[in-house]
Amino acid sequence: MKTLFEPKSGLLSVPYQPDEETKLLENPPRFTWMPGQLENDRYMLQISSSPSFETEVTTTIAPIPYNLYTPDHALEPGTYYWRYALLIGEQAGYTAEDGNSCSSWSQSRMFHVPEGLPKTPLPGRAARYEGTNTGHPRLWLDARGVEEFRERLRNDDDYCGWRTFYEKSVVPWLDKPLIPEPERYPGNKRVAKLWRKMYMDCQEALYAIRHLSVAGVILQDKTMISKAKAWLLHAASWDTEGTTSRDYNDEAAFRMVGAIAWGYDWLHDVLSADEIDLVRGVLLRRTEQVAFHIMERSKIHHVPYDSHAVRSLSSVLAPACIAMLHEEVRAQAWLDYTLEYYACLYSPWGGEDGGWAEGPLYWTTGMAFVIDALNLIRNYVSIDFYKRPFFRRTGDFPLYCSSPDTIRASFGDQSYLGEPVSLKTAFNIRQFAGITGNGHYQWYFEQVARADTDPDTKFYNYGWWDFRFDDMLYRHDYPQVEAVPPSVAVPSVLDHTSESKDGSLQAVKWFRDIDWVAMHHRMDDPDEHIMFLAKSSRYGSMSHSHGDQNGFLLHAYGEPLAIESGYYIAFGSSMHMNWRRQTRSTNNILIDGHGQYAGKDKVLCMEAGGKVERVDASPGYGYTRMNATQAYRENVPYLERYVREIYFFDEDYFVIVDTVDLVKLASIEWLFHTLNRMKLSGQTFRVMGDKAEMEGRFVYSSSGDLSLHQHNQFTDVEPEEIEGLDNQWHLHAKTKSAQSHRIATLLVPMKKDESKYVSYFLDDQDHGVHIYFTNGDGKTRKVEVPKAY
């Protein structure tokens with residue numbers, strides 16, 4: 001019998017789960033383990049209520065083609081054990097007793113299934129596609145659905161927003177000339193502007209093919225169908241190994257697969273046999289390129305943190321494989337992989353609270369495509385992944401962490417940085433309103449949709465999605481939900497539930513799955529809204545996250561005050577790599593001029609994580625304690641501890657306490673970024689905005705007064721990248737050198753021209769420094785700062 005190799009799970013690898021410490025969120029549990037060999041690995045899994053795996057109480061599943069598995073039925077509440085073995089050879093049948101057909105068994109792991117979990121089994125491969133339609137179309141509507149839509153349209157020419165879709169998203173493509181195949185980069189070296197133009201050209205091809213095909217078939221318009229067919233055959237003539245291949249420009253490749261999949265599916269019945277073979281062959285090859293990267297190179301079932309690979313499950317494999325199912329054998333294998341990943345590992349960027357570690361833009365992008373895919377899957381395969389806990393709660397993430405009236409008030413890479421919340425974010429959250437009935441989500445959608453009247457003028461919209469098509473599909477598939485403004489805020493109950501018991505907004509929201517903390521007051525009114533966002537995430541600077549553990553942002557009274565600084569130029573630009581990703585661009589600290597690791601090594605990026613250690617909330621009080629020690633360890637090995645505590649008192653002001661201990665003397669630079677030049681005086685800095693202001697004051701520093709200066713430069717950014725862009729202002733408050741530092745900072749946001757202050761005094765008669773703060777209403781609060789010795 002071959003001995004099973006059981007490597008330890010690394011920082012980036014899938015874990016061995018479940019085990020006795022796993023908190024199950026759904027039933028059945030999801031099983032993951034490290035692969036027993038690097039290729040051609042298949043497995044036998046056993047689940048038992050007996051630790052000795054007695055036959056009569058043990059279920060054996062084989063063959064399992066990957067190192068992940070979701071059972072096809074829920075388990076009864078109770079205690080279970082599981083183990084796996086590596087299958088050997090190509091036998092048709094496998095038995096646990098046959099030592100020639102499998103390796104030795106893995107370590108046995110115990111887990112407990114509690115009562116009351118949502119039931120989210122995944123149908124097994126043998127029965128997964130029984131009853132699925134073998135005709136076309138099948139993306140969104142089938143033949144019956146087309147006829148029903150057509151009949152509704154006869155009675156209402158604006159059914160599901162058809163009139164707007166037809167006039168603005170269909171008619172323009174009737175006369176537009178075919179787009180030429182994109183040319184290569186000069187010298188085959190990527191140029192950001194040309195890269196973007198390539199994928200935007202392919203997005204236009206997608207619009208033309210999809211919209212003309214859908215509208216032509218529904219309206220039975222021969223002219224429109226003919227034009228759609230011309231676009232499809234033109235796109236199919238492009239070199240699959242050329243400029244729109246997966247390895248040359250993956251964004252272009254994703255769009256080409258979408259375009260050809262929709263065209264092949266909706267025009268199938270008007271294509272000749274030769275045309276079907278041609279188009280399906282091109283679709284198969286383009287899909288194969290992406291599938292190979294996902295499954296063989298990126299191996300997201302081993303290491304799930306490849307943002308583009310995970311997204312291409314949604315944008316490529318789901319629509320293409322549905323379109324080709326029952327016609328191409330490999331399409332079923334790729335679709336099986338996609339469904340099993342969604343069931344088991346999705347999402348690698350968040351968990352039970354619905355958070356998204358990469359930030360709101362990549363939540364928007366990721367969710368936009370996964371929503372499309374899950375809707376296609378639900379309509380065609382009748383598998384509803386929206387029942388999974390993550391999808392029931394993920395609308396909370398933009399609601400709390402990218403609120404509709406805020407600007408520069410969230411973390412991570414953002415193509416719309418400096419502009420209001422993306423309309424696509426709002427479309428996504430409306431989808432979750434339709435799924436969950438959450439009126440706050442619908443309110444969010446309506447606020448953003450009302451404010452964003454020209455979404456198509458922005459490249460990050462037009463090059464990615466058509467709102468009229470998306471709106472039509474949503475209105476057809478989901479009910480309208482009544483908006484509920486978040487006018488009442490309650491203290492967080494600080495357990496793992498997503499919503500307070502009465503459905504009202506939480507004043508303090510902790511996303512434990514990604515370690516972000518949001519504090520809010522009066523989200524319903526932009527003129528009164530105060531939003532404070534902080535993070536210290538275990539994901540570190542991985543992917544589209546930055547070196548900003550223990551960082552914070554503040555938006556108040558309609559004004560960004562403590563901002564996410566910089567601009568979106570392009571991924572990989574000097575602005576992105578040398579400023580945006582680095583700690584020096586964040587509201588944080590530098591130690592001897594050094595920040596957190598935020599380079600290109602994924603392991604070091606993940607190691608440079610933080611942790612939210614505690615969150616408290618009660619009426620008039622919000623608190624979080626965050627630890628970013630590990631985030632600095634690569635660049636500041638002599639750091640022993642860096643903890644930041646944040647207090648939000650009486651929906652009025654904030655106190656930030658920084659504790660830094662080192663093994664040698666070092667100076668600290670306390671950083672703050674804002675849009676306009678600040679007024680500096682002594683230990684104070686005043687932020688001046690159009691609608692609001694803020695007074696910052698260093699009320700205590702254990703090493704003595706800080707030295708304050710500000711500048712308006714983006715350090716190490718190429719000048720041509722920021723030519724014509726407005727300056728921003730960056731405060732550096734530097735301490736004297738010491739082995740331990742304690743810094744207490746008071747932040748008082750206020751409306752423009754408001755005369756307001758918070759008074760304070762210190763009492764340091766014991767081993768701590770007690771600082772008392774009193775606001776304009778006469779309420780006094782105390783903060784204790786341990787002394788530095």
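A distance of 10.5 Å separates SG of Cys321 from CZ of Arg330, quoted to the nearest 0.5 Å. Taking CD1 from Ile276 and NE2 from His268, the interatomic distance works out to 3.5 Å, rounded to the nearest 0.5 Å. With rounding to the nearest 0.5 Å, the separation of CG in Leu271 from CH2 in Trp266 is 14.0 Å.
We find that Asp470 and Arg430 are not joined by a salt bridge, their nearest charged nitrogen and carboxylate oxygen being 4.0 Å or further apart. Ion pair Glu251/Arg311 flagged as a salt bridge, since at least one NZ, NE, NH1 or NH2 atom sits closer than 4.0 Å to an Asp/Glu carboxylate oxygen.
Ring pair Tyr337/Trp334: centre-to-centre distance not below 6.0 Å. In this structure, the ring of Phe469 has its center less than 6.0 angstrom from the ring center of His211. Between Tyr567 and Trp579, the gap from one ring centroid to the other reaches at least 6.0 Å.
The aromatic rings of Trp173 and Tyr207 are tilted relative to each other, their planes meeting at an angle between 30° and 60°.
The only member of Tyr346, Phe385, Tyr342 that meets ring-ring contact (aromatic ring centres under 6.0 Å, His included) when paired with Phe391 is Tyr346.
Geometrically, Arg163 does not engage Tyr166 in a cation-pi contact defined by less than 6.0 Å to the ring centre and at most 45° from the axis. A cation-pi arrangement is present between Arg196 and Phe459, with the terminal nitrogen or guanidinium carbon under 6.0 Å from the aromatic centre and inside a 45° cone about the axis.
In this structure, the side chain of Tyr264 does not engage the main chain of Leu232 through any donor-acceptor pair within 3.5 Å. Formation of a donor-acceptor pair under 3.5 Å by the Gln582 side chain with backbone atoms of Met577 is found in this model.
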Problem - Check against ring-ring contact (aromatic ring centres under 6.0 Å, His included), Phe149 and Tyr159 - result: CA-CA 8 Å; Phe149 195 100; Tyr159 175 60; 5.0 Å; yes
Exercise for the section: Please test Tyr129 against Asp336 for side chain to side chain donor-acceptor pair (under 3.5 Å), starting from the C-alpha separation and ending with a verdict. Expected result: CA-CA 10 Å; Tyr129 307 112; Asp336 280 331; 2.7 Å; yes
